[in-house]
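Lettering of chains follows the sequences in order, A, B, ..., and the numbering in each one begins at 1.
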Amino acid sequence: MAVTKIKTTSSFTNLTKYDSFLAGNAAYSPAAFESIASATGTGSSGTITFSSIPSTYTSLQIRYNAITTAGQFMRIQFNSDTGTNYARHSLRGNGTTASATGNITTAFIAIGDTANGTNTTYATVGVTDIQDYASTTRNKTVRDFGGMDNNGGGAVCLSSGVWLNTSAITSITFFIPTDNFTTSTTVSLYGIKGA
Amino acid sequence: MPATYEPIATTTLGSAATAINFSSIPATYTDLRVIFRNGDSQPSNTHFRLNTDSGSNYSFTSLNGNGTSATSDRNTNSTTLEINTSNGSNAFLTLDFFNYAGSTFKTSLITLSNDSNGTGYVIRQVGLWRSTAAITSINFRCGGAGTLNFPIGTTATLYGILKA
């Protein structure tokens, strides 16, 4: 039986005293997939940043639905690191051909359609997973599955990326230089807990 | 922190059926996700329609591996959104519908994982429904015409994903 209310009354005698109000209540089971933060585009900025990311999760997931004003491809950086400390490989299908590409020693990790970029009408959507993001001893590995279709064009991409840095990730910058996210853009950051 | 990944509905076929439907989907989530497990010996590809729209408003681009080669396909102006599950057995799908309640065209990401010890596919697909309406129903059909049956044991679960 859960404790819902306690009143001072002489009828309470010989009762077991608990130091916690959780006694008798169902155990709290925290969700394993939690929303940390989300952002929408403004129409006048090409940058969305999630900062002060807690280190209490096992991995992070970003889900994006992005429409831009100039069609640039999307990129991410960690902890405001703009150095050439990133690398990427992609497997891409453009409706005709399957191909693979990669970049090393870059200043970002490209996500979504890593070749043709975004679209100004049709959303580029994707899911980016960042494993072991809070580790202070390992480089950070990223997986992205994204794409865009506009009824005759577009592509689907699978990408892996690495940030060659062992710092815990505390901020993620999601950006398109010289471009803007429209107000229809949504980017959401989730934390996934371990057991 | 709010709960962010919630089951909305699930269906497991106790007898063969031509369709699996999710209707009256609330608009309270950010994204939708469907986990679809094919029954054995499904006779045709898996298709779906949104909001019962039978117009030529669907298209997709896919990246495919069949154990021998990697290819890419495209389908335009279709009356359903098709997923190649022609191998029949041992397949499962995930479908993510982004910003499904928003007012832009609806883009989805689809994965097919299928292996039958000698045949199979891995497919990653981006799909488009050229409608700005909020998605309120999803109609899965076996084959484009919707006249073939999903086998017994076919299971589909719809989840809602919330943002902060």
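- For B:Thr104, the part sitting under 4.5 Å from any heavy atom of chain A is the side chain, from C-beta outward, and nothing else.
- In terms of heavy-atom pairs under 4.5 angstrom with chain B, the leader among A:Gly191, A:Ala39, A:Ser38, A:Ser188 is A:Ser38.
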Take A:Phe181 and A:Phe174 through the test ring pair (Phe, Tyr, Trp, His ring centres under 6.0 Å) and record every step on the way to the result.
-> CA-CA 10 Å; A:Phe181 290 115; A:Phe174 189 88; 5.7 Å; yes
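- Rounding to the nearest 0.5 Å gives a distance of 8.5 Å between CG of A:Asn65 and OG1 of A:Thr124.
- Taking 4.5 Å as the limit, some side-chain heavy atom of A:Gln77 sits within range of a side-chain heavy atom of A:Tyr86.
- When heavy atoms are compared at a cutoff of 4.5 Å, A:Tyr64 approaches chain B solely by way of its backbone atoms N, CA, C and O.
- By the 30° and 60° cut-offs, the orientation of the rings of A:Tyr133 relative to A:Tyr57 is tilted.
- Taking B:Ile110, B:Asn75, B:Asn57, B:Asn64 one by one and counting their heavy-atom pairs under 4.5 Å with chain A, the maximum is reached by B:Ile110.
- For A:Thr121, the parts sitting under 4.5 Å from any heavy atom of chain B are the backbone and the side chain alike.
- Proximity to chain A is absent for every atom of B:Ile123, based on heavy atoms less than 4.5 angstrom apart.
- In this structure, A:Asn150 and A:Met148 have side chains that are in contact, with non-hydrogen atoms separated by less than 4.5 Å.
- Contact check for A:Ile48 versus A:Phe175: no side-chain heavy atoms found under the 4.5 Å cut-off.
- Using bins of under 30°, 30° to 60° and over 60° for the plane-to-plane angle, the ring pair A:Phe33/B:Tyr5 lands in the perpendicular bin.
- Across A:Ala123, A:Ser184, A:Gly153, the residue that shares the most heavy-atom pairs under 4.5 angstrom with chain B is A:Gly153.
- Contacts between B:Arg130 and chain A at a heavy-atom distance below 4.5 Å involve the side chain alone, from C-beta outward.
- Ranked by non-hydrogen atom pairs under 4.5 Å with chain B, the options A:Leu189, A:Val156, A:Asn151 are led by A:Asn151.
- Contact tally against chain A (heavy-atom pairs below 4.5 Å) for B:Thr71, B:Thr111, B:Asn77: the top residue is B:Asn77.
- Across A:Thr182, A:Thr186, A:Val187, a single residue satisfies side chain to side chain contact (heavy atoms under 4.5 Å, CB included) together with A:Thr40, and that is A:Thr186.
- Among A:Ala155, A:Gly152, A:Ala37, the residue with the largest count of heavy-atom pairs under 4.5 Å with chain B is A:Gly152.
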